[in-house]
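Taking it in order: structure first as structure tokens, then the write-up.
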Amino acid sequence: MKSALYLYNTLTRKKELFEPLAPPFVGMYVCGPTVYSEAHLGHARPAVTFDVLYRYLMHLGYNVRYVRNITDVGHLENETDDTGEDKISRRARQEHLEPMEIVQKYMNSFHHAMEKLNTLPPSIEPRATGHIIEQQQLTEKLIGEGYAYEVNGSVYFDVEKYDGRHNYGILSGRVLEDMRANSRALEGQDEKRGQFDFALWKKAAPGHIMRWPSKWSDGFPGWHLECSVMSTKYLGETFDIHGGGMDLIFPHHECEIAQSTAAQGHQPVRYWVHNNMVTINGQKMARSLGNFITLEEMFSGSHKLLARAYSPMTIRFFMLQAQYRSTLDFSNEALLAASLGLQKLMNAEKTLAGLIPGGSSTADISGIAAKCHEAMSDDLNTPIAIAHLFDAVRIINLVNDGKEKLSAEDIRSLQELFRIFIHDLFGLRAEESAGNDRLEGVLKLLLDIRQEAKAKKEWAVSDRIRDRLSELGITVKDRKDGYDWEITA
RNA sequence: GGUCGGUUGGCCGAGUGGCUAGGCAUCGGUCUGCAAAACCGGGUACGGCGGUUCGAAUCCGCCACCGACCUCCA
């Protein structure tokens, strides 16, 4: 039933059979957020993608160590020249807070959003500031190996030199020579020897709060360094999976490979896995375009582009309806479609729980589970797996209508299939009810009265309750044996 | 300009050389006091132009358009 997993490896640009270095253990490192602003839609894509990969690997029986970092220092606003300011520092200045207050504030916000999206917490969530010493050690090692040099208290990685012995561009497909030909050197007093060299250690300007002593200067580590250091520390010099958004392929992951390879003599990662980006109404999401939506805005509907609120599970399901390597376009129409589709799936699960076995089955459900697993094993093709689940949904509803029959055994295996896929792998859960108990009690009273009125054929009363509730944004759904209701506005 | 990816029915979104994605919407039906909800069912799309092939949305070429990265981004 459980098939071999194939993953698309950015390094080879092919789907490859996933074979861990040391089964049953799997090491997976995913680039987490730089915590300098609210968690947004773009953060949700890798979080959900790698959450599903994490869940699926565990489902396949692997013992997974999932490391996802928090970048809390070193990520510059503009890396190519020396004017670049650390994102955390900059935000701290803007908000009149300590840098560590900024980090804490937005890290909390990120965790809160991740919890709502029902992503499992990683095994280890290391922070760059907690690994300053290790980053200095790696910097020192790179200097010792001749791949890094110091200028005015800052240390840079020598890309030219590295490319001479290894291959800078192995991941992104870039060729240093072409890059040189296609970009003009920046004017000015750059202290770097080569224009593509990147910082391992930056000397802090006088007013810079985030600074640590080092043999070169009081300063802070470069952005790419933390991932090399922390992945090595917790997963070893070679580990199985490194994930992140496609936008990180260059330069971030390319630089990570360069650093680790220069230090170790061999590459650090066996499978590079990258999720694609999200777009809004067909456009890239960017602050400058005014279509930048945070997750909280998504959940509450408080953004001018949103026609209504979309629940965390709707967002999650929406993401799973696309394969992780495709761009995913957010629009009100698409999100609404996803929320209705999700409802249909969850309703069917409820129906399934109450299904009455009918001797022998007239519907054929064999093969559905295998197809779902096959889809997942084919580079996490969640949309295909979902499509197969909807085949099961149709059968469940037909059985519920008495048009087909399922044996007790088949019902049990469908229940298991739904439990595994909907909950264990897709991480979907029932939405928490937004109201409070007391109001729900009142609502129930009202709807009970309506039921009684209906029983007495007092249509004026029953319709009035229904219509007034509808005006208040509560839709009453009559069922054969009672009623249901839903907050729709 | 360079590198890479994409263009599928009203919308989103899979996919394979010949056979059906799936969801939403729409239409028809069942149910219902009416309606809603729920459920069932119908509709056969693949950017343009050539080529390969018995046969291509799927392979090749050219063109057009879109996007990503190259500069901060998940």
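All chains are named by letter (A, B, ...) in the order of the sequence lines, taking the proteins before the strands, and each is independently numbered beginning at 1.
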Determine the Euclidean distance between corresponding [atom1] atoms of [M] and [N]; express it in Å to zero decimal places.
| N | M | atom1 | result |
| --- | --- | --- | --- |
| B:rA25 | B:rU20 | P | 24 Å |
| B:rC39 | B:rU44 | P | 24 Å |
| B:rC4 | B:rG43 | C1' | 38 Å |
| B:rC70 | B:rG61 | C1' | 28 Å |
| B:rC69 | B:rA37 | P | 41 Å |
| B:rC65 | B:rU8 | C1' | 15 Å |
| B:rA45 | B:rG13 | C1' | 13 Å |
| B:rC49 | B:rA57 | P | 12 Å |

Could you check, using the six-membered ring where one of them is a Trp, whether [X] and [Y] have ring centers closer than 6.0 angstrom?
| X | Y | answer |
| --- | --- | --- |
| A:His224 | A:Phe157 | no |
| A:His373 | A:Phe421 | yes |
| A:Tyr234 | A:Phe239 | no |

Ignoring the backbone of [X], work out which of [options] is nearest its side chain.
| X | options | value |
| --- | --- | --- |
| A:Arg450 | B:rC12, B:rG23, B:rG33 | B:rG33 |
| A:Lys477 | B:rG41, B:rC39, B:rA37 | B:rA37 |
| A:Arg174 | B:rA37, B:rC12, B:rC69 | B:rC69 |
| A:Arg466 | B:rC11, B:rA35, B:rG33 | B:rA35 |
| A:Ala387 | B:rC72, B:rG2, B:rA21 | B:rA21 |
| A:Phe250 | B:rG22, B:rG33, B:rC70 | B:rC70 |
| A:Tyr36 | B:rG13, B:rC72, B:rC24 | B:rC72 |
| A:Thr34 | B:rA37, B:rA74, B:rC12 | B:rA74 |

What nucleic acid atoms does [X] come within less than 4.0 Å of, heavy atoms only: base, sugar-phosphate, or nothing?
| X | answer |
| --- | --- |
| A:His40 | base |
| A:Asp484 | nothing |
| A:Leu328 | sugar-phosphate |
| A:Leu389 | nothing |
| A:Met246 | nothing |
| A:Val278 | base |

Original post:
Does the B:rG33 base have a donor-acceptor partner in the side chain of A:Asp463 within less than 3.5 Å?
Top reply: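 Result: at least one qualifying N/O pair found.
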Any N/O donor-acceptor pair, A:Asp478 side-chain to B:rA38 base, under 3.5 Å
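For A:Asp478, whose side chain was compared with the base of B:rA38, there is no donor-acceptor pair (under 3.5 Å).
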All N/O pairs under 3.5 Å across the protein-nucleotides 14-16 of chain B interface:
from   : atom 1 : to       : atom 2 : distance (Å)
B:rA14 : OP1    : A:Gln323 : N      : 2.8
B:rA14 : OP1    : A:Ser326 : OG     : 2.7
B:rA14 : O3'    : A:Asn381 : ND2    : 3.4
B:rG15 : OP1    : A:Asn381 : ND2    : 3.2

Under the 5.5 Å and 30° test, is A:Phe390 stacked on the base of B:rG23?
->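 Taking the rule of under 5.5 Å and under 30°, the ring of A:Phe390 does not stack on B:rG23.
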Mutual orientation of the aromatic rings belonging to [X] and [Y] [parallel < 30°, tilted 30-60°, perpendicular > 60°]:
| X | Y | answer |
| --- | --- | --- |
| A:His43 | A:His40 | tilted |
| A:His242 | A:Tyr29 | tilted |
| A:His253 | A:Trp272 | tilted |

Length of the line joining [X]:[atom1] and [N]:[atom2], which is rounded to integer Å:
| X | N | atom1 | atom2 | value |
| --- | --- | --- | --- | --- |
| A:Leu469 | B:rA35 | CG | C1' | 15 Å |
| A:Glu374 | B:rG22 | CD | C1' | 17 Å |
| A:Glu254 | B:rG2 | CD | P | 20 Å |
| A:Leu336 | B:rC24 | CG | C1' | 8 Å |
| A:Arg468 | B:rA36 | CZ | C1' | 18 Å |
| A:His252 | B:rC69 | NE2 | C1' | 15 Å |
| A:Ile368 | B:rU20 | CD1 | C1' | 15 Å |
| A:Arg91 | B:rC72 | CZ | C1' | 14 Å |

Watson-Crick or G-U stems of RNA chain B, 3 or more pairs, under 3.5 Å, by first number: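 Paired runs of 3+ in RNA chain B: B:1-7 with B:64-70, B:10-12 with B:22-24, B:26-30 with B:38-42, B:47-51 with B:59-63.
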Do [X] and [Y] get their side chains close enough for a donor-acceptor pair, meaning under 3.5 Å?
| X | Y | result |
| --- | --- | --- |
| A:Thr351 | A:Asn400 | no |
| A:Asp329 | A:Thr279 | yes |
| A:Tyr56 | A:Ser377 | yes |
| A:Glu125 | A:His111 | yes |

Start with the C-alpha gap between A:Arg450 and A:Tyr483, add the side-chain angles, then the distance that decides, and say whether side chain to side chain donor-acceptor pair (under 3.5 Å) holds.
CA-CA 10 Å; A:Arg450 176 166 174 271; A:Tyr483 56 81; over 6 Å; no
Check your understanding: Are A:Ile386 and A:Gln321 side-chain neighbours, meaning at least one heavy-atom pair lies under 4.5 Å?
Key ->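 Touching, per the 4.5 Å side-chain cut-off.
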Toward the 5' end of RNA chain B, which comes first, A:Ile386 or A:Ser172, by nearest nucleotide?
->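 This one resolves to A:Ser172.
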Item to check | 5' precedence on RNA chain B between A:Trp459 and A:Gly42 (nearest-nucleotide basis) | outcome: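 Here A:Trp459 is the residue nearer the 5' end.
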Discussion item. Using every non-hydrogen atom in the two residues, find where A:Glu254 and A:Gly169 come nearest and quote the distance to one decimal.
Written reply: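 Here A:Glu254 and A:Gly169 meet closest at OE2-N, 3.1 Å.
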So which of residues 338-349 of chain A are in contact with RNA chain B, with a heavy-atom cut-off of under 4.0 Å?
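Contacting residues: A:Leu340, A:Gly341, A:Lys344.
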Q. Distance under 6.0 Å and angle within 45° of the ring axis: does A:Arg325 meet both against A:Tyr8?
A.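 Satisfied, under 6.0 Å and within 45°.
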Exercise for the section: Would you sort out whether A:Phe330 and A:Phe318 count as a ring pair (Phe, Tyr, Trp, His ring centres under 6.0 Å), showing the intermediate values? Expected result: CA-CA 9 Å; A:Phe330 276 70; A:Phe318 180 60; 4.8 Å; yes
Are A:Asn397 and B:rC40 close enough that a side-chain N or O sits under 4.0 Å from OP1 or OP2?
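Looking at the OP1 and OP2 atoms of B:rC40, one of them is under 4.0 Å from a side-chain N or O of A:Asn397.
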